[in-house]
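What follows is a single structure, written as structure tokens, with notes after it.
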Amino acid sequence: MAAPERAGDGVRPLEGWQPVSLPDLWQRHWPGFFGPVWYRLDWQSDCPGEPLALSIDRMVMAGEVWLNDDLLWRDEHLVEPLSRSWNMPRYWLLPVSAQSHGNSIWVRVVGSEHASPGLGTVRLGTPEQVWPEYRHQLLLQRDLVFITLVISLMLGVLFLTFWLLRRQEHAFGWFALASSLWTVGLSNMLVTSSWPFANGEVWDRLSQVMLALYCPAMCMFVWAFIGQRRVRRERAIWLAALVFCVVVVVVPKTHISLVQLVSAVSLRLVLLAISVQLLWHGCRVRQRYLTLLGACMSGLALYEFLAFVGVLKVPEVYVLLSTPFISAVMFMGLAMRFSSSLKRIERFNDELQTRVDKTRAELTETLQREHQLAADNIRLNE
């Protein structure tokens with residue numbers, strides 16, 4: 001059951017309760033209302049005295065949890081700037097002394113205008129049942145995202161170093177920029193407070209700006225990688241990205257969720273298009289490493305798009321993991337290109353050494369012939 005807290009005084013409402021299913025977004029029930037909202041989960045203990053555990057995978061944006069009339073846990077900030085529990089799973093052991101035959105779990109969720117407020121999945125059972133599910137949820141929502149962020153950051157630093165040492169390799173620089181932008185944009189999924197900003201709304205806007213700029217940076221990398229630079233096309237995509245950034249900055253709070261949806265769809269479509277272009281170029285010029293890179297990128301981009309639109313039923317975090325795989329594939333492509341360049345340089349050095357040796361032999365033979373002629377001339381003069 002759920003009910004809006006109209007007074008905003010932290011007291012459980014007495015009326016307005018209605019049944020809901022979890023996960024729940026309360027904008028479906030009360031459009032334009034941004035909380036707080038109370039959720040009540042009634043349950044009975046079949047085995048009194050048995051230790052029980054509770055886990056909640058997300059509370060958008062902050063909340064507090066009660067067992068009957070006992071407070072179990074509360075977010076640090078329940079007023080702006082709100083804590084950010086929207087992607088943080090929680091786990092508690094329920095005290096036996098606070099349980100009775102008939103129990104209620106009360107969850108008070110405080111939402112914000114720039115997010116889609118609501119309550120995620122709630123699990124109640126023995127610790128042996130709930131703990132593995134909580135650990136799995138923690139792996140999906142935190143650990144894998146952190147691994148993705150570290151991979152992107154490491155690749156960004158690595159290729160930034162390559163570009164600083166060899167400025168003419170523009171592809172290295174664009175790849176470093178794209179990885180850095182993706183790292184900043186993805187960090188929004190890990191922060192649990194609004195620090196260092198005044199509120200969490202800034203985090204959401206900053207994340208969207210970084211992802212909007214990531215799109216043209218990735219396109220510039222692919223075009224520089226295959227040697228297809230078109231000034232008008234590059235200006236057009238950068239102009240579109242900058243216009244979208246302005247929209248993200250000035251759009252009202254209530255429309256940030258819509259902007260996030262548009263950004264997610266646009267980003268995946270552009271990545272799919274640029275991957276197909278890379279595959280087509282590789283097949284056209286018949287370069288094996290470009291064809292392999294384009295095929296891998298196209299497959300991963302198509303997988304991510306189909307998973308995002310719901311055709312493939314996979315968890316959202318697995319969709320996010322496709323991006324570091326794409327980065328790894330790009331790294332492999334750049335490594336293959338670098339290896340090919342080294343082999344070409346080595347062949348050139350071998351050819352140059354062969355020519356030098358041949359020229360040296362010819363020069364030695366010429367000098368010997370001239371020396372012999374000079375000696376013959378001296379004898380003839382004598």
Side-chain angles (χ1 to χ4, degrees), residues 151-180 216-235 237 271 273-301 324-382:
I151 292 175
S152 298
L153 182 60
M154 290 178 59
L155 290 176
V157 173
L158 178 64
F159 279 93
L160 177 61
T161 305
F162 287 164
W163 179 73
L164 291 176
L165 295 176
R166 189 172 175 81
R167 296 292 184 87
Q168 60 268 33
E169 292 289 347
H170 300 292
F172 291 171
W174 287 118
F175 186 80
L177 177 61
S179 298
S180 302
M218 184 58 66
C219 293
M220 294 294 295
F221 158 71
V222 173
W223 293 335
F225 184 70
I226 62 179
Q228 288 187 355
R229 303 293 302 274
R230 301 290 187 274
V231 177
R232 292 184 179 179
R233 180 177 58 184
E234 294 171 2
R235 289 178 178 176
I237 194 168
L271 287 179
I274 200 69
S275 301
V276 172
Q277 181 186 3
L278 178 59
L279 176 60
W280 170 257
H281 177 78
C283 295
R284 186 169 58 86
V285 299
R286 297 182 179 180
Q287 292 188 359
R288 184 178 301 175
Y289 75 96
L290 285 180
T291 304
L292 177 61
L293 178 61
C296 293
M297 284 186 58
S298 300
L300 290 171
F325 279 122
I326 291 177
S327 299
V329 169
M330 292 178 179
F331 174 79
M332 183 175 63
L334 288 173
M336 293 173 65
R337 176 180 175 180
F338 185 70
S339 176
S340 177
S341 299
L342 287 180
K343 290 180 180 179
R344 187 167 59 251
I345 293 174
E346 291 174 354
R347 287 196 302 268
F348 174 76
N349 289 335
D350 292 340
E351 293 175 359
L352 182 61
Q353 185 64 40
T354 302
R355 292 181 181 178
V356 168
D357 293 340
K358 183 179 179 181
T359 303
R360 183 182 300 166
E362 293 176 351
L363 182 60
T364 302
E365 184 180 353
T366 301
L367 291 176
Q368 290 177 350
R369 188 183 307 112
E370 290 180 354
H371 176 72
Q372 185 65 38
L373 289 175
D376 293 341
N377 288 331
I378 290 173
R379 265 196 307 274
L380 290 174
N381 289 333
E382 290 177 351

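In what follows, residues are counted from 1 in the order of the sequence shown. No experiment lies behind these values; they were computed from the predicted model shown.
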Open item on the list: Could you check whether any side-chain heavy atom of Ile237 comes within less than 4.5 Å of a side-chain heavy atom of Trp223, counting everything from C-beta outward?
Closed with: yes

Task: Distance, nearest 0.5 Å, that separates SG of Cys219 from CG of Leu278 - done: 11.5 Å

Task: Arg284 side, atom CZ; Gln277 side, atom CD - distance, nearest 0.5 Å - done: 9.5 Å

Open item on the list: With heavy-atom distances below 4.5 Å as the criterion, would you say the side chains of Arg360 and Asp357 are in contact?
Closed with: yes

- [ ] Over all heavy atoms of both residues, which pair between Phe159 and Ala176 is shortest? Give the atoms and the distance, please.
- [x] C-CB, 3.9 Å

Task: Over 12 foreign heavy atoms within 6.0 Å of CZ, Arg233 - done: yes

TODO: Assess whether side-chain contact (heavy atoms from CB on, under 4.5 Å) is satisfied between Leu279 and Met297, documenting all intermediate values.
DONE: CA-CA 8 Å; Leu279 176 60; Met297 284 186 58; over 6 Å; no

Open item on the list: Quick check: closest heavy atoms across Leu271 and Ile274, and the distance to 0.1 Å?
Closed with: O-CG2, 3.2 Å

TODO: Indicate, with yes or no, if the rings of Phe175 and Phe172 have centres closer together than 6.0 Å.
DONE: no

Task: Pair Glu234 + Arg230, salt bridge at N-O below 4.0 Å - done: no

Open item on the list: Between Arg379 and Glu382 (salt bridge meaning N to carboxylate O under 4.0 Å), is one present in this structure?
Closed with: no

TODO: Could you pull out the closest heavy-atom pair between Leu290 and Gly282, with the gap in Å?
DONE: CB-CA, 3.8 Å

Task: Close side-chain approach of Val222 to Trp174, heavy-atom, < 4.5 Å - done: no

Task: Exam field: side chain Ser298 to backbone Ser275, donor-acceptor pair closer than 3.5 Å - done: yes

Open item on the list: If I take atom CD from residue Glu362 and atom CG from residue Leu367, how far apart are they, to the nearest 0.5 angstrom?
Closed with: 12.0 Å

Open item on the list: On the six-membered ring of Trp163, is Arg167 placed so that its NZ or CZ lies under 6.0 angstrom from the centre and within 45° of the ring axis?
Closed with: yes

TODO: Find the distance between CG (Leu160) and CG (Leu155) and round it off to the nearest 0.5 Å.
DONE: 12.5 Å

Task: Check against side-chain contact (heavy atoms from CB on, under 4.5 Å), Met220 and His170 - done: CA-CA 9 Å; Met220 294 294 295; His170 300 292; over 6 Å; no

Task: Spacing of CG belonging to Leu164 relative to CD belonging to Glu169, to within rounding of 0.5 Å - done: 13.0 Å

Task: Atom pair OG1/NE2 of Thr366 and His371 - distance to nearest 0.5 Å - done: 14.5 Å

